[in-house]
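Note sheet for the following structure.
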Amino acid sequence: MAVLVQNGLRRAIDSGHLKTALPQTIEIERPREKSHGDWASNIAMILAKEARQPPRAVAETIIENLDKPDYLAEVEIAGPGFINFRLSSKWLSDSLAQICELGDAYGRSKVENPQKIQIEFVSANPVGPMHVGHGRWAAVGDSLARLLKAVGHQVESEFYINDWGNQMRIFGASVAARYREILGEALELPEDGYQGHYITDIAQEIVDADGDKYLRLKPEDQAEEFSKRAYKQVLEHIKKTLTEMDVSFDSWFSESSLHESGKLGESLEFLDQKDLTYRSEGALWLKTVDFGDDKDRVLMRANGQTTYFAADIAYHKEKVERGFDKLINIWGADHHGYVKRVQAAMTAMGAGDNRLEIIIGQLVNLFSGGKAVRMSKRTGEMVTLDELLTDVGRDASRYYFLMRGTDTPLDFDIELAKSQTSENPVYYVQYAHARICSILRHAADQKLTPIGKKANFSLLAHESEMALMRELADAPSIIARAAAARAPHRLTKYSQDIAAAFHQFYHQCRVVSDDEDLSFARLTLVDATRQVIKNVLWLIGVSAPQKM
RNA sequence: GCGCCUGUAGCUCAGUUGGAUAGAGUGCCGGACUACGAAUCCGGAGGUCGAAGGUUCGAAUCCUUUCAGGCGCACCA
């Protein structure tokens with residue numbers, strides 16, 4: 001379409017009717033208002049000043065020089081100088097035929113510059129069960145990965161396991177304290193210890209398996225032993241929960257492996273050789289200020305221990321070495337203060353300014369019957385993702401997590417989700433899919449099945465049929481834009497738009513009727529709708545049921 | 001004090017990167033099943049896009065100021 005306008009424009013300029021330069025880009029957009037056609041261009045208004053002509057006159061000149069291909073039904077000037085294009089029914093028929101032909105692949109596309117992208121998300125600390133907030137990043141990250149693949153990128157998802165440092169020690173000590181309590185000793189929880197009930201559960205499992213075998217060890221050695229053992233258990237649990245959510249990771253990367261393999265030391269040395277570090281007050285610092293941070297950051301403490309930041313640098317260096325063009329990290333808003341220093345470190349390492357893309361997602365606020373639920377891992381006062389999945393279900397949870405943009409906080413009311421699940425739009429969309437399957441079953445009873453491209457699409461001329469076909473034809477561009485904007489939540493909106501267009505069509509047009517040709521055409525349209533709903537729901541990670 | 005995010009219908013939120021009369025859902029009022037699923041559809045009421053300036057043909061969108069809310073400002077991870 002843009003090319004069409006460009007050609008017309010060039011002709012207008014070449015012939016001297018328009019005194020202006022050919023613009024770099026010509027914007028073509030879909031008007032909000034249906035009466036404004038299928039596509040519209042604002043180019044005349046942009047050029048009006050330079051051409052020293054009123055916008056409408058410019059538009060007229062452009063239209064006079066325009067080709068008229070058969071997919072175009074009408075071109076008109078509207079409002080202050082918009083050029084509106086109305087597509088012919090042939091164009092809609094063609095896109096319908098394309099859906100039939102491509103099936104599950106419909107909606108996918110090929111970006112101009114396919115990249116090798118790594119997307120890292122969730123990365124929950126393996127010291128307890130995942131909470132509801134993790135669920136949001138699991139849903140968003142997994143859908144984004146699917147979305148990026150759908151537009152032709154090579155995508156690898158990764159879970160970073162923070163299995164090193166203070167928290168692991170405290171975790172082990174907490175389990176050890178509960179272990180001793182079960183075996184009759186007085187409870188002495190470590191400072192800042194974890195208090196969730198699952199800690200006791202883990203301790204109980206150890207008692208059940210090995211009895212009081214560890215009781216003779218010193219408390220520090222118990223903690224050491226248990227942190228390794230318990231963390232594996234917790235990690236398995238995390239994996240299981242993610243599987244239940246239908247979220248899968250291509251790789252699991254362990255923080256402690258950076259320490260053990262020496263990669264951490266190597267990256268410190270690397271920075272040192274580039275003269276980016278210095279010693280002060282007994283600690284080793286990185287000159288992050290030189291790269292946009294507010295202050296320099298400590299890599300190694302005065303006590304000789306490296307910081308989490310140092311490990312993260314090694315981690316990101318390793319990622320770059322693995323050859324990704326783009327690294328996407330999804331972090332909760334409580335980590336946004338950390339963005340600058342990691343970006344600074346990336347720049348310092350010479351990884352390129354745009355290599356790392358950090359998506360900061362606002363947090364999930366949990367409510368129960370309108371009252372805020374306080375969550376704390378330390379005190380164990382929390383609602384786990386498992387509980388949520390059991391209560392609300394996978395489909396509703398994933399859809400709900402995805403309905404809002406990531407930079408808006410998500411209020412999740414458990415009671416509302418439990419008691420009024422029919423209000424959740426996911427059912428509206430799934431119902432449309434189930435209804436279609438029902439229609440297809442009914443048609444099969446009448447010995448009718450959709451016949452794909454061979455159907456006579458010119459019979460689909462009703463207003464609601466055209467609207468539905470237009471909606472379906474949008475899929476590739478909606479998906480492409482959602483991927484580019486890293487905005488999987490747009491898919492939920494789109495899925496509702498398709499369902500709405502279908503339900504409207506359903507109420508106005510009878511699909512299976514005495515008119516066999518019309519029935520074939522409408523069955524094909526209905527089947528194409530089913531296909532598109534299914535494809536979009538798959539990107540969201542929600543099932544498309546045949547019955548409900 | 002500094003930084004990031006957010007203020008849009010009674011409520012929960014979209015708004016396709018600056019377009020035309022700002023849209024959904026929910027709630028409220030009123031309608032539609034003797035044919036393919038009423039978990040559906042149709043109609044109505046409901047707005048100073050937090051506020052004030054600015055940029056331009058044109059602003060919810062960009063800039064400045066300001067008010068309100070959330071989050072963050074470690075030799076924790």
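Values below: all heavy atoms of this structure, side chains included; hydrogens, waters and symmetry mates excluded. Each chain gets a letter, A, B and so on, in the order its sequence line appears, and its residues count up from 1.
Between C5(B) and A14(B), the distance separating the two P atoms is 16 Å to the nearest Å. Going from the C1' atom of C11(B) to that of C63(B) covers 33 Å, rounded to whole Å.
The phosphate of G25(B) (OP1 or OP2) has no side-chain N or O of Gln496(A) nearer than 4.0 angstrom. OP1 or OP2 of A39(B) lies within a sub-4.0 Å distance of a side-chain N or O belonging to Tyr431(A).
Listed candidates were A20(B), A77(B), A38(B). Nearest to the side chain of Ala78(A) is A20(B). Counting only heavy atoms from C-beta on, Arg404(A) has its side chain closest to C13(B) among C13(B), C41(B), A77(B). In the set C75(B), G37(B), C71(B), the nucleotide with an atom closest to the side chain of Ala283(A) is C75(B). The Asn125(A) side chain lies nearest to A77(B) when the options are A77(B), U17(B), C71(B). Of all nucleotides listed (C75(B), A39(B), A14(B)), A14(B) comes nearest to the side chain of His489(A).
Taking the 5.5 Å centre cut-off and the 30° plane limit, the aromatic side chain of His335(A) is not classed as stacked on G72(B). For Phe82(A) and G19(B), the ring-to-base geometry does not satisfy the stacking test (centroid distance below 5.5 Å, interplanar angle below 30°).
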Which protein N or O atoms sit under 3.5 Å from an N or O of nucleotides 56-59 of chain B?
from, atom 1, to, atom 2, distance (Å)
C57(B), OP1, Lys49(A), NZ, 3.2
C57(B), OP2, Lys49(A), NZ, 3.3

Expected rows: protein N/O vs nucleotides 30-33 of chain B N/O, under 3.5 Å:
none

Can you pull every protein N or O that's under 3.5 Å from an N or O on nucleotides 6-11 of chain B?
from, atom 1, to, atom 2, distance (Å)
U6(B), OP1, Asp407(A), OD2, 3.4

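Cation-pi contact between Arg404(A) and Phe401(A): absent, since separation from the ring centre below 6.0 Å together with deviation from the ring axis within 45° is not met. Figure legend: Arg435(A) and Tyr506(A) shown as a cation-pi pair, the cationic atom lying under 6.0 angstrom from the six-membered ring centre and within 45 degrees of its axis.
The glycosidic torsion of U17(B) lies within 90° of 0, which places this base in the syn conformation.
For residues 518-527 of chain A, the set of pairs meeting the side-chain hydrogen bond (donor to acceptor under 3.5 Å, both in side chains) definition, not counting sequence neighbours, comprises Glu465(A)-Arg522(A), Ser513(A)-Ser519(A), Asp527(A)-Arg530(A).
Taking the six-membered ring where the residue is Trp, Tyr194(A) and Phe171(A) present perpendicular rings, their angle passing 60° and hence far from 30°. A parallel orientation is assigned to the rings of Tyr160(A) and Tyr315(A), their planes being inclined by less than 30° (bins at 30° and 60°). Between Phe412(A) and Tyr400(A), the angle of the ring planes lies from 30° to 60°, which puts this pair in the tilted group.
Under the side chain to side chain donor-acceptor pair (under 3.5 Å) criterion, Asn365(A) pairs with Asp411(A), sequence neighbours left out. Residues passing the side chain to side chain donor-acceptor pair (under 3.5 Å) test with Lys287(A), sequence neighbours excluded: none.
Atom OH of Tyr428(A) is separated from atom C1' of U40(B) by 8 Å (rounded to the nearest Å).
A salt bridge does not link Asp474(A) to Arg470(A): none of the charged side-chain nitrogens sits closer than 4.0 Å to a carboxylate oxygen.
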